[in-house]
S.K.: 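This structure is in structure tokens; I'll ask about it shortly.
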Amino acid sequence: MKNIAVLASGRGTNLKAIIENIENGTLKANLACVISDQEDAKALQRAREHNVEALYIPPGPKKTWLVPEVEAQYIKALNDRDVYLVCLAGFMRIIKKQFLDAFPYRILNIHPALLPSFPGLNVQKKALEYGVKFSGATVHFVNEVVDGGEILTQAAVPILDDDTPEKLAERILKEEWRIYTVAINLVLSGKYKIEGRRVIKTE
Ligand code: GRF
């Protein structure tokens, strides 16, 4: 079984789903560690509760990204644990070239909208305000463009007339918990090819 790691900054409900899906056999992976840039992240607590190694690696001086020396610490921690696939799950830092080069096509992210619509933050509110009738969730490879990598899988969620950003976020999250496992299994199986921007199953 290949090693994965989850990087999370916050409450970690996607992490929870990953752990549960590993425990129930739906996700065929070994969770080697959880790393956070926030010492008090609930995600770290969740990891410890499930006897998964929880590492806090301080983010350094910048607000939205990790300086090269800090990125090097993340890379070392992942390599020391023989991590094959890095799964960002609410990790609030932009991943730069050094990190991307260390894990080519081996870093995934989950986003609570149907990319390329609504990249960035507060996207449930943005989708509501724009008036789209469907939003959803996207799992994609991470590249140098924020929320811009090749798409592995998506799930659509209808927007209801009486929706609020919170209610919509809750329904999207349920899809996130499901599709992250689908995408991780696909990458770990190796049964896909990338043509242009398209990720295509080979079996
Ligand atoms: C999710 O909505 C995810 O799509 C986004 O950040 C949120 C993380 O939630 N990238 P959680 O920490 O997994 O509960």
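As the structure lists them, so they are numbered: ligands from 1, and atoms in each ligand from 1. Computation of the quantities below employed the complete heavy-atom set of this structure, encompassing side-chain atoms and omitting hydrogens, waters and symmetry-equivalent molecules.
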S.K.: Does Lys126 make a cation-pi contact with Phe118 (under 6.0 Å, within 45 degrees of the axis)?
M.R.: no
S.K.: State, without any angle test, whether Ser9 and Gln38 hold a side-chain donor-acceptor pair at a distance under 3.5 Å.
M.R.: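 No pair is found: no donor N or O on one side chain lies under 3.5 Å from an acceptor on the other.
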S.K.: Would you name the heavy atoms of Asn14 and Ala89 that are closest together and state the gap between them?
M.R.: CB-CB, 3.9 Å
S.K.: Are Tyr105 and Glu150 close enough that a side-chain donor and a side-chain acceptor fall under 3.5 Å?
M.R.: yes
S.K.: For ligand 1, what N or O to protein N or O distances fall under 3.5 Å?
M.R.:
from, atom 1, to, atom 2, distance (Å)
ligand 1, 2 (O), Glu176, OE1, 3.3
ligand 1, 2 (O), Glu176, OE2, 3.0
ligand 1, 4 (O), Ile110, O, 3.3
ligand 1, 4 (O), Glu176, OE1, 2.7
ligand 1, 4 (O), Glu176, OE2, 3.3
ligand 1, 9 (O), Arg11, NH2, 3.2
ligand 1, 10 (N), Ile110, O, 2.9
ligand 1, 12 (O), Gly12, N, 2.8
ligand 1, 13 (O), Thr13, N, 3.3
ligand 1, 13 (O), Asn14, N, 2.8
ligand 1, 13 (O), Asn14, ND2, 3.0
ligand 1, 14 (O), Arg11, NE, 2.6
ligand 1, 14 (O), Arg11, NH2, 3.4
ligand 1, 14 (O), Thr13, N, 2.8
ligand 1, 14 (O), Thr13, OG1, 2.5

S.K.: Can His50 and Glu23 be said to form a side-chain hydrogen bond (donor to acceptor under 3.5 Å, both in side chains), step by step?
M.R.: CA-CA 10 Å; His50 288 264; Glu23 288 175 354; 3.0 Å; yes
S.K.: Under 3.5 Å, is there a donor-acceptor pair between the side chain of Ser36 and the main chain of Glu39?
M.R.: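 Here the side-chain-to-backbone pair does not exist.
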